[in-house]
Amino acid sequence: MNTEANPPLEPPFARVSEDDISLVVETFYSRAREDEVLGPVFMRNVEDWPAHFERLKAFWSSVLNLTGRYDGMPMRVHAGIGELTAAHFDRWLALFAETLADTVDPRAAQEFLIRARNMADAHKRFLFR
């Protein structure tokens, strides 16, 4: 395939830049590690932070921009963390919203937040039904 004749397609619904995704992921999870509620859970369950950041960036790229970079099963992963409660997801969402307000423009923040709320709600329904 000739790449000049067939340049890579942009994601069909690209709403948030990859740079913004990286900034949000790195800022949020740096804060989450220090958080009283979330930090202990993350520190017990994540061994390789650089790899975790890359996986999360791929996840958000897939969710926001339909890039297909993520191929995991987050519900199953979170189901394997027995100490999680609904309060963890509530705190995750609150800290995530704070991070968005501090890092990206309101349009990008809104795109993230819509999906983050849906994810938190879906996880709580799945894990705590």
Side-chain angles (χ1 to χ4, degrees):
M1 182 182 326
N2 182 339
T3 57
E4 289 179 28
N6 299 305
L9 296 175
E10 291 295 316
F13 302 105
R15 296 179 173 109
V16 178
S17 74
E18 294 295 320
D19 288 342
D20 280 350
I21 290 170
S22 290
L23 177 62
V24 168
V25 165
E26 291 177 18
T27 303
F28 172 76
Y29 286 96
S30 293
R31 291 177 179 183
R33 286 186 285 189
E34 302 298 321
D35 187 79
E36 287 181 13
V37 175
L38 301 175
V41 177
F42 279 113
M43 297 311 289
R44 280 191 288 275
N45 290 282
V46 178
E47 294 177 17
D48 183 347
W49 279 99
H52 193 63
F53 280 174
E54 291 309 309
R55 189 154 184 79
L56 291 164
K57 290 174 190 178
F59 171 80
W60 281 107
S61 178
S62 293
V63 168
L64 292 164
N65 295 331
L66 305 178
T67 61
R69 290 179 43 211
Y70 179 79
D71 65 355
M73 297 195 288
M75 296 278 195
R76 185 174 295 171
V77 170
H78 290 97
I81 304 172
E83 67 189 292
L84 290 178
T85 67
H88 287 103
F89 288 94
D90 294 340
R91 178 62 188 142
W92 176 86
L93 189 58
L95 185 60
F96 199 71
E98 291 172 22
T99 301
L100 292 169
D102 292 342
T103 55
V104 293
D105 69 66
R107 181 197 59 81
Q110 183 69 14
E111 294 294 337
F112 267 106
L113 202 50
I114 289 168
R115 287 153 186 86
R117 284 182 184 133
N118 290 341
M119 280 184 262
D121 289 344
H123 275 81
K124 288 193 294 188
R125 281 192 308 273
F126 178 77
L127 296 172
F128 313 116
R129 45 188 149 152

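Everything numeric in this text was worked out from a predicted model, so none of it was measured.
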Rounded to the nearest 0.5 Å, what separates atom [atom1] in [X] from atom [atom2] in [Y]?
X: M119; Y: F126; atom1: CE; atom2: CZ; answer: 15.5 Å
X: F28; Y: L56; atom1: CZ; atom2: CG; answer: 9.5 Å
X: W92; Y: D35; atom1: CH2; atom2: CG; answer: 13.0 Å
X: D48; Y: E54; atom1: CG; atom2: CD; answer: 10.0 Å
X: L95; Y: T27; atom1: CG; atom2: OG1; answer: 10.5 Å
X: M43; Y: L38; atom1: CE; atom2: CG; answer: 12.5 Å

Checklist entry - Got a sec, which residues hit side-chain hydrogen bond (donor to acceptor under 3.5 Å, both in side chains) with R55, two or more places apart in sequence or on another chain? => result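 With neighbours one apart ignored, the set is empty.
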Across all chains, not counting sequence neighbours, the side-chain hydrogen bond (donor to acceptor under 3.5 Å, both in side chains) partners of D102 are R31
### No-hydrogen, no-angle side-chain donor-acceptor test under 3.5 Å, T67 and S61
yes
*Might you work through the side chain to side chain contact (heavy atoms under 4.5 Å, CB included) test for N45 and E83, ending with a clear yes or no?*
CA-CA 11 Å; N45 290 282; E83 67 189 292; 3.6 Å; yes
Nearest atoms (heavy-atom pairs only) where [X] meets [Y]:
X: V37; Y: P40; value: O-CD, 3.8 Å
X: L100; Y: A109; value: CD1-O, 3.7 Å
X: L66; Y: V63; value: CD2-O, 4.4 Å
X: L84; Y: H78; value: CD1-O, 3.5 Å

Inset, instruction - Count the heavy atoms of every other residue, nucleotide or ligand shown that sit under 6.0 Å from CZ of R76, and state whether that count exceeds 12. - result: no
- prompt: How about E36: does its CD atom have over 12 heavy atoms from other parts shown lying under 6.0 Å from it?
  reply: no
ILVMFWY cluster, [X] and [Y] together (side-chain gap under 4.5 Å):
X: V41; Y: L93; value: no
X: L23; Y: F53; value: no
X: F89; Y: M75; value: yes

Should V16 and V24 be marked as a side chain to side chain contact (heavy atoms under 4.5 Å, CB included) after you check the CA-CA gap, both sets of side-chain angles, and the distance that decides it? CA-CA 11 Å; V16 178; V24 168; over 6 Å; no
### Query
Can you list the steps and then say if T99 with V104 is a side chain to side chain contact (heavy atoms under 4.5 Å, CB included)?
CA-CA 8 Å; T99 301; V104 293; over 6 Å; no
- Item | Aromatic centroids of W60 and Y29 separated by under 6.0 Å |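 Aromatic pair excluded; centres sit 6.0 Å or further apart.
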Basic-acidic side-chain contact under 4.0 Å: K57, E18:
no
Can a salt bridge be assigned to the pair R107 and E111 using a cut-off of 4.0 Å between side-chain N and carboxylate O?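 Judged by the 4.0 Å cut-off on N to carboxylate O distance, R107 and E111 do not form a salt bridge.
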Below 30° counts as parallel, above 60° as perpendicular, anything between as tilted: where do the rings of F42 and W49 land? tilted
Can you check whether A120's main-chain N or O pairs, donor with acceptor, with H123's side chain at less than 3.5 Å?
->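 No: the side chain of H123 does not pair with the backbone of A120.
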